[in-house]
Amino acid sequence: MKTNNVILETATKVILFIILLFSVYMFFAGHYEPGGGFIGGLMASGAIVLLLIAYDLKTVRKILPFDFKKVTALGLLFAAGTAAGGLFFDKPLLTHWFTYVYPPILGKMSLHTAVIFDTGVFLVVVGVTMTIIQTIGESE
Amino acid sequence: MNSLITLPLLIPLFTAIILVFFNKNVTVQRWIATIGSLLTLAAAVWLSATVYTQGIQTMDLSNWQAPFGITLVSDMLSSILVVTTSLIGFVCLLYSFRSIGVEREKHYYYPVFFFLILGVNGAFTTGDIFNMFVFFEVMLMASYVLLVLGGTKIQLRETIKYLLVNVISSGLFVIAVAYLYSVVGTLNMAHISVRLNELGQSGIVTVIAVLFLIVFGIKGAIFPLYFWLPGAYYAPPAPIMALFGALLTKVGVYSITRTYTLFFTQDIGYTHGLLEILSIITIIIGVIGAIAYFDVKKIIIYNIIVAVGVILFGVATFTTESLTGSVFYLIHDMIIKAALFLLIGIMIKITGTSNLREMGGLINRYPGLAWTYFVAALALAGIPPLSGFLGKILIVRAGIDAGNYWGSGVVLLSSLLVLFSVMKIFMNGFWGKAREYKQQEKVPVRWLLTAPVILTICAVLYGLGSEALYPIISTAAETLSNPEIYIKAVLKE
Amino acid sequence: MEILMSLLIGVIFMSATYLMLSKSLLRIIVGTGLLSHGVHLLLLTMGGLKRGAAPLLGQQAEAYTDPLPQALILTAIVISFGITALFLVVAYRSYQELGTDNMELMRGKEGNE
Amino acid sequence: MSLLHLAIIAPFILAIFVPSLHKALPKIHTGWFLLPLPIVLFSYFLSFLPQIIRGETTMETLNWIPSLGINFSARVDGLGLLFSLLITGIGALVVLYSIYYLSKEKEKLNQFYVYLLLFMGAMLGVVLSDNMVVLYGFWELTSFSSFLLIGYWNHRERSRYGAQKSMLITVFGGLSMLGGMILLYLMTGTFSISETIAMAATIYGHELFIPALICILLGAFTKSAQFPFHIWLPDAMEAPTPVSAYLHSATMVKAGIYLVARLTPVFALSGLWVWLVAGFGILTLFWGSFSAVKHNDLKGILAYSTISQLGLIMSLLGLGAAAIHYPAVEAGFYTVAVSAAVFHLINHATFKGSLFMMVGIVDHETGTRDIRKLGGLMSIMPITFTIAVIGSFSMAGLPPFNGFLSKEMFFTGMIRAQEIGFFNMETLGLIFPIVAWVASVFTFLYSMIIVFKTFTGKYQPEKLEVKPHEAPLGMLISPIILVSLVVVIGLFPNIVAPLINSVMASILPSLVAEGMKFDVHIYHWHGFTPELFMTIGVIVVGILLYKFMPRWTGIYNRMPEKFSLNSAYDNGLAGIQKGANRFTNAYMTNSIRTYLLYIFTFLILSLGTTLIVKNAFVLDTANVANIHAFELVLVIIIAIGSVSILFVKSRMTSIILLGSVGYAVSLFYAIFRAPDLALTQLVIETVSVALFLLAFYHLPKVNKNEEHMRFKMGNAVISIGVGVVVSLIALSAHSSKAFDSISQYYIENTYKKAGGENMVNVILVDFRGFDTLFEIAVLAIAALGIFSLIKLRLTRGKEQG
């Protein structure tokens, strides 16, 4: 997958940014509107795939020097950690805690442990998709 | 609030996650795995003791009262199954250290191994029918990976078949849950039981019951749904074979037991009658398979099917006594099957073949292996005072008491052919003229042998110490035959 | 609608079954994909269709559609995705290793004595 | 744990130490470490004798599984004591004999003595257990120790064959016996033998009574080698001779006799019991003695002789059981059969034990047991000859040896069979004395063959592998002790009478309860009774037959080997294995398609049948949502899309079709108010299609053969069936909604308690967050799997271990 198309590369950079932003939006919207960690994660990895198409595996590896399997594990750790967190407060597993804060200017905001859990989901999805795509890509 | 119930799930989960970070360093992985496995076992034993002294343990996850959240339920049955699973996991792990090979170890063998244990423990512990599906998938996904890890020809070929069958059975699982949800509008198992009992005898529920039997029957390998099993279990290396043989089908058996005691008790004549017929045919067909081959793997594999039939015959009889027998037999079979698979694994390692016709005379150089095998074989056949006999006696006694003479006779006589099949291995593999094998030197088996020896000792103690176990097992059977106890504990009515 | 959907699901299951019975590995995997669509639609249908607004409280509706089956389907979709991915890679590898995608040529005869 | 339990367990405890003793002191023959044990145990059991003769029994209970009524209860009564004395007494002699018989240099003595000790302990357990389950356990243990001993020289094909045969037959019997015991339990509610006996009268007539009786007898008959189960015993002779003398003649094979004697009080009320035990006994007696004559192997002759003698004892027990139908006053007339049985049991152990040891000596000193090669050894081995003469003459029933006395009593018992006034004995009872006489003729005959073909006639040193000479003294001690007993009991039979009395009290307790006192007196001279004439007849005819043997032995060849029980066993076993192999291979085609066909067919049949039988199909059209036109269009698109995949040939097209079905499904989700689903499905479908293309991108074009996809009728029928069943159940399930869904709770609490507005997402991360946690775990495993699958390629042909 080697394409040295300058236009594509430039366009990719822009689109990539937009998609990543959108994926973050989707991720945070999840609790209130359609969206969530899963969709967000898929979007983000979609963006990275785009990067792959524009450049090649090696370049992407340079830009994102992660072992995506470890990203997956990290995501699981987040999710499982949030889940187990409840135990330390003598609550059942996965008990969430949330509150609303009203900082000036920004208005009503919610703080929710579910977000951390969802971050885990996000990371796992990114990790998994990227692992799969990288592995298959390398084998070819 | 007792968090104990979550530990047999969380410890393997975290162990698996941590192991992913250390995939390059085999030694560190082994240590982490050992510690994780021992902790799981300890937690499971502790949980079991708590269940025994304080009754059924539950946890409403995310602090949503049942039936709205997911509830974890550890009754006596599920907690002793978790103990057994953790024990077998630990032992197979020990065996793996010297047999699975560095290559596999570096390619996420251990994390996936722990995911498998997690899935199995989860399926035993969950009190929510859809969550059970999720744990089934964890377990299955881990089993696909373990089965195919290494990517040899036979592994790939059999993995495809195994995958396909299980994809279908998972699909059927979800539609069964969907049908059930349509009728009763809930997913919590205790709540389902309450609503089904309120509903009384209903045609559609009976149909759903049969569908559940098919779903779990495919996993549990009952007639006529077991065809995938001999091929799939033939492919992987010994410790994986042992893990599969001891655990995976038993999850299916457990699920049938659970649903056929908790949910579908309205039309026993039909549903349990069907189960009874199928279980008897399962025994017969399994026994025929076990005596048909001169291949050590095949012989033990078909013996799995026999045992499934025996356990389910007890479930189908559906009296407290028969259920006690089934639970006794279930635990016994998990332990002894793991031991046997590991033992034949060592035989294969020494001789380089699984064909009995090419073996012989192993007893002279490997007496410890031979005698461990001999004892394990007798335990499998249910010779007192080893582990298998009590379950079998109870199952047969209850069967006859319920008027099922033929079925009980089949259970009893199956022991003879089971014995014949495993003694065939003893007489052709260990006895007879020693042969020339690829490896001329004596293969060091002491470490490998530790694993099956531990299990065989457990089997012996299990039989001798039946009195100590009896209250535990009968508590488990009591809960099965009297779902009210389970329901009360979960819904806290 | 539920009746119509039930019939449609029947058709999907039928096609999926037929595909899974074929020799070609690709068709089999396509069959499993179809099967999961059928399963998910069935799950949705069993919860009752169009009983109210989408389960978003922002809608301020009188009644909402049953959100539970939707959540279950979401879980199921993700899981089937994982399995399909693995299945595809297993298929790909076994084609490399065994040189065929014909299931009838993947029988094997180990230990049949 | 009482001393009694310790006595039973002692052999097992010693067995644990034998391997290390063997290793630590290789210069001392391991047998010497064993020898004290049976001697000590023998004297220990002797100490019970006075109290047993007084009519007292001892019972000690060790709890094992009291919750299920399974306890290790040990009980010593007359019957148990007699057997314990035999086991330990003969055991001591056999161990002593084996020390000289088995070379400490060549043999794996550690194994041998462990097996022997296992057997000794197991056998003591069998005869002293009052609990049936424990008895069963020990019973099987005797089978397995016998299995190991027969297979002791396991590099020999014949040894393995014999071991397997004996194991299969005796374990079959054991299981059947277990079945019988379970049936008894269901009638009585106890596993205790003594309690069962106490309840004997109440269970007679129960519907399980006859099945229990048959099951128990199967156990007894297989163990005691009764016709037609006797075929294992001759092959068991592959074991070293001390073992044959001990297990396969004096003790283990008598376990069946023990069982029959022990349970006579339970079952003897039934005529079936009397007939079966006596009938099979007499048949075995005849067949064994008749078959013994044709053998050339001394051990073969002794094996058949043992079978025959076991039949003799069995038939006596059967006929004697009839006595309990009589009031105590008359019963004495019939109990003579029982006393004969017990007496002969003792005598048989003495003379047969000595004969086996004698054969072992001959084998050891000449290198053969074939009577065609032997002959003229009388002068070379005079002591052995004397032993042979005494043993054989006793077996043949010649005075003044003990065998004569029990043979006379045996005839008495048989003659009295006709007097039993029921069970059709008055008409058919005549069979017994006639068959008994004929069998005795053959017994006489083979006894003579043993002595005279071996020790007289022509000495043929050229046919022998080694130059024979008399055996060492150590080897002779044991048989000499046994033949001395033969003579002593023969001369003073009444020294064992008190023991016989107490044994009879165990076998016929109901008569004791009625006040009967057994008082056996054994005489040499009864006057000119029918028994005496029968004995004379046996001797005369026997001598004639011996003289003219070559003239009539041709009849043995008339019986074709094909129809023998042995070949039935061999062919049966081979046939079962071959049949099982063919059968299993026939349906286990390794083709996944076949397996799926089985599974789907079962699915359709079972669900369809249930739908019909349970009348489960219901259709409720009231509670359904309306249909919009575009929804209909969408339905049609999906239906056509999924069906058309079946007919496309190109891979690409089918992948694209699958993708379009997926997209259409996501439209459905949108319509059905599931925005999250629609979104997810959309993205997932895209990724899936990409993956499909990636995976199949590199596959070369499939060859034409595969391209050619014919429409398969069978597959189509199955597929339609699956579709129909799924639809029908869906319709019924939807029409049978019986409860409101729990989801109202989510709708109410999503905001208030969970702090969210998207219910689906809140369910995913909160209400059912646990599902999500493990759903992503599934994904993670899949990723690890895919990675390893592509990176790790162990392409070695066979991956083992």
Side-chain angles (χ1 to χ4, degrees), chain B residues 61-62 64 67-70 99 103 107-108 112 115 131 134 137-138 141-142 145 148-152 161 164 179 182-186 195 199 203-204 206-207 210 214 224-225 227-228 231 238 288-289 291-292 345 348-349 383-385 396-397 400-401 412 415-416 427 431 433 466-467 470, chain D residues 65 67 137 140 151 154-155 160 164 168 171-172 175 179 182 186 577 580-581 583-584 588 590 592 595 598-599 602-603 606-607 610-611 614-616 729 732-734 736-742 745 766-771 774-775 777-778 781-782 784-785 788-789 792-794 799-801:
Chain B
L61 294 170
S62 314
W64 299 108
F68 303 110
I70 291 172
S99 84
E103 280 306 308
H107 285 86
Y108 303 103
V112 181
F115 277 122
N131 191 238
V134 175
E137 291 307 314
V138 172
M141 185 54 93
V145 175
V148 83
L149 194 64
T152 60
K161 300 175 189 170
L164 180 55
Y179 292 145
S182 177
V183 176
V184 298
T186 185
R195 287 193 164 179
L199 187 61
I204 188 67
T206 309
V207 176
V210 174
I214 293 172
L225 308 163
F227 306 101
W228 56 271
I288 292 176
I291 60 175
I348 293 169
K349 196 175 194 77
I383 306 297
V396 171
R397 200 163 85 181
I400 298 174
D401 209 13
L412 210 52
S415 307
L416 178 68
M427 290 198 305
W431 278 3
K433 280 210 176 66
S466 296
E467 178 65 18
Y470 185 77
Chain D
I65 317 175
S67 309
E140 295 291 37
N154 63 61
H155 53 275
R160 297 200 299 274
Q164 184 180 45
L168 282 180
V171 171
F172 161 74
L175 283 168
I182 291 173
L186 289 171
Q577 290 198 68
N581 187 278
F583 173 75
T584 311
M588 294 301 296
N590 279 321
I592 187 65
Y595 300 166
Y598 299 145
I599 292 175
F602 178 70
L603 179 100
S606 60
L607 292 178
T610 314
L611 268 172
K614 290 289 155 190
N615 207 5
I729 303 175
S732 313
H734 181 259
S736 319
K737 280 191 187 300
F739 301 92
D740 287 332
S741 163
I742 51 169
Y745 180 87
D766 197 342
F767 290 105
R768 298 186 67 87
F770 208 55
D771 279 349
F774 292 105
E775 155 207 320
V778 171
I781 307 166
L784 295 179
S788 308
L789 193 52
L792 179 62
R793 298 174 184 205
L794 301 171
E799 180 62 25
Q800 299 291 8

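Quick note on labels: first sequence line is chain A, next is B, and so on, each numbered from 1.
- Proximity to chain D (any heavy atom under 4.5 Å) is shown, for B:Leu225, by both the backbone and the side chain.
- Nearest approach of B:Ile214 to D:Ser606, heavy atoms of both residues: CD1-OG, 3.4 Å.
- Taking B:Tyr179, B:Trp228, B:Tyr108 one by one and counting their heavy-atom pairs under 4.5 Å with chain D, the maximum is reached by B:Tyr179.
- Contact annotation for D:Leu168: both backbone and side-chain heavy atoms come within less than 4.5 Å of a heavy atom of chain B.
- For the set D:Ile781, D:Ile592, D:Ile599, the entry with the most heavy-atom pairs within less than 4.5 Å of chain B is D:Ile781.
- Classified by interplanar angle (parallel below 30°, tilted 30° to 60°, perpendicular above 60°), the ring pair B:Phe68/D:Tyr745 is parallel.
- Interface residue B:Ile291: backbone and side-chain heavy atoms are both found under 4.5 Å from chain D.
- Using a 4.5 Å cut-off between heavy atoms, D:Phe767 touches chain B through backbone and side chain atoms alike.
- Only the backbone of D:Asp740 comes within less than 4.5 Å of a heavy atom in chain B; its side chain stays farther off.
- The backbone N or O of D:Ile65 lies less than 3.5 Å from no partner atom in the side chain of B:Ser466, so there is not a single donor-acceptor pair.
- In this structure, the portion of B:Val112 lying under 4.5 Å from any heavy atom of chain D is its side chain and not its backbone.
- The two residues B:Val134 and D:Phe774 have their closest heavy-atom pair at CG1-CB, 3.6 Å.
- Put simply, of B:Pro67, B:Gly203, B:Gly231, the one with the most heavy-atom pairs under 4.5 Å next to chain D is B:Gly203.
- Among the candidates B:Gly69, B:Gly185, B:Ser415, the residue making the largest number of heavy-atom pairs closer than 4.5 Å to chain D is B:Gly185.
- Within the 4.5 angstrom heavy-atom criterion, atoms from both the backbone and the side chain of D:Leu175 approach chain B.
- Of all heavy-atom pairs between B:Met427 and D:Arg160, the closest is O-CD, 3.4 Å.
- Counting heavy-atom pairs closer than 4.5 Å to chain D, the top-ranked of the candidates B:Val145, B:Ile288, B:Asp401, B:Leu149 is B:Ile288.
- Of all heavy-atom pairs between B:Ile204 and D:Ser732, the closest is CD1-CB, 3.4 Å.
- Considering all non-hydrogen atoms of both residues, D:Gly179 and B:Leu412 come closest at CA-CD2, 3.4 Å.
- For the pair D:Tyr595 (side chain) and D:Asn590 (backbone), a donor-acceptor distance under 3.5 Å is present.
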